[in-house]
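Note sheet for the following structure.
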Amino acid sequence: MNENPLSQLAAVAALKDCAVVVIDMQNDFLAAGGAFEQLGYDLTAMQAMIPRLAGFLGQVRALGGQGIYVRHLFDRQRLSPAMRARGRRLFGSEEGFSVPHTWGAEIHPLLKPADNETVFDKYWYNAFSNPDFEAALAARGVQTLVLSGVMTHVCVETTARASNTREFHTIIVEDCTAA
């Protein structure tokens, strides 16, 4: 989806049957001073995507749709041994980044969820690792997931693969993803 994501979406799915999923749009991934910047990552592509995603969400909301947010958290109590080792290796601590109740774990201020939008926490790369996520989709009658967010090659892709195995129609909005 490149030129006009909303019109292209309308061509393949009814908005009422869709969930626009916003994955990992958090300060530690995106913001100046966040963990990724501190690690030396180039945030240019991710930061350039923020206004495109904000505009897309605005259009979806204006048509009566909603975003569903998924937030990646590194909670020491829930981390597997492999993820703890990864945190120690990359960040010098088992927590890593996006630690619960910190600025880094918060959704970026330009992409805050609306009052009627839900935020699901995940502790692994796949949004479906939180069973409440899939239950909410079922309760809403969602048939199509429209995925956006950062870490396209990790969390967005992992969620897309899981979505397909659960037989959702799955769309990744190219202009609203970055890594």
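Because only heavy atoms are used, hydrogens play no part in the values below, and waters and symmetry mates are left out as well, while side chains stay in.
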Using modelled atom types and a 3.5 Å cut-off, is there a donor and acceptor pairing between side-chain atoms of [X] and backbone atoms of [Y]?
X	Y	answer
N126	T159	no
Q66	E117	no
S148	V21	yes
T165	A162	yes
E37	G33	yes
D28	S98	yes
T152	A178	yes
Y125	H72	no
R52	D175	yes

F36/F97 aromatic ring centres below 6.0 Å =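 Yes; F97 has its ring centre under 6.0 Å from that of F36.
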Minimum heavy-atom distance [X]-[Y], with the two atoms named:
X	Y	answer
D121	N130	O-ND2, 2.7 Å
P100	D75	CG-CB, 4.0 Å
A48	P51	O-CD, 3.4 Å
K122	C155	NZ-SG, 3.3 Å
N27	P109	OD1-CD, 3.5 Å

So do [Y] and [X] actually touch side chain to side chain, heavy atoms under 4.5 Å?
X	Y	value
F56	V146	yes
T118	R140	yes
L57	L111	yes
I172	V156	yes

Is the ring pair F133/F128 parallel, tilted or perpendicular, if the boundaries are 30 and 60 degrees?
perpendicular
Next item on the list: Might you work through the side chain to side chain contact (heavy atoms under 4.5 Å, CB included) test for F29 and M151, ending with a clear yes or no?
Entry: CA-CA 9 Å; F29 293 110; M151 299 295 99; 3.9 Å; yes
Run the numbers on R166 and L137 for side chain to side chain contact (heavy atoms under 4.5 Å, CB included), then give the verdict.
-> CA-CA 11 Å; R166 287 164 170 82; L137 298 175; over 6 Å; no
Using the rule that two of Ile, Leu, Val, Met, Phe, Trp, Tyr join whenever any of their side-chain heavy atoms come within less than 4.5 Å, decide whether [X] and [Y] are in one cluster.
X	Y	value
V173	I107	yes
V119	Y123	no
L43	L30	yes
F168	I23	yes
V154	V22	yes

**Prompt:** Hey, are R78 and S129 close enough side-chain-wise for a donor-acceptor pair under 3.5 Å?
**Reply:** no
ask   = Will you find, in the side chains of D17 and T144, an N or O donor that is under 3.5 Å from an N or O acceptor?
value = no
Point to revise | Steps toward side chain to side chain contact (heavy atoms under 4.5 Å, CB included) verdict (L53, I50) | key: CA-CA 5 Å; L53 178 54; I50 293 170; over 6 Å; no
For the atom pair [atom1] ([X]) and [atom2] ([Y]), what is the distance rounded to the nearest 0.5 Å?
X	Y	atom1	atom2	value
C18	I68	SG	CD1	10.5 Å
T170	Q143	OG1	CD	12.0 Å
T177	M25	OG1	CE	9.5 Å

Evaluate side chain to side chain contact (heavy atoms under 4.5 Å, CB included) for R71 paired with Q26, printing each intermediate quantity in order. CA-CA 7 Å; R71 181 173 57 176; Q26 297 161 250; 3.2 Å; yes
Requested in this report: Provide the full list of side chain to side chain donor-acceptor pair (under 3.5 Å) pairs with a residue in residues 103-112, sequence neighbours left out, each pair given once.
Outcome: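 Of all non-adjacent pairs touching residues 103-112, none passes side chain to side chain donor-acceptor pair (under 3.5 Å).
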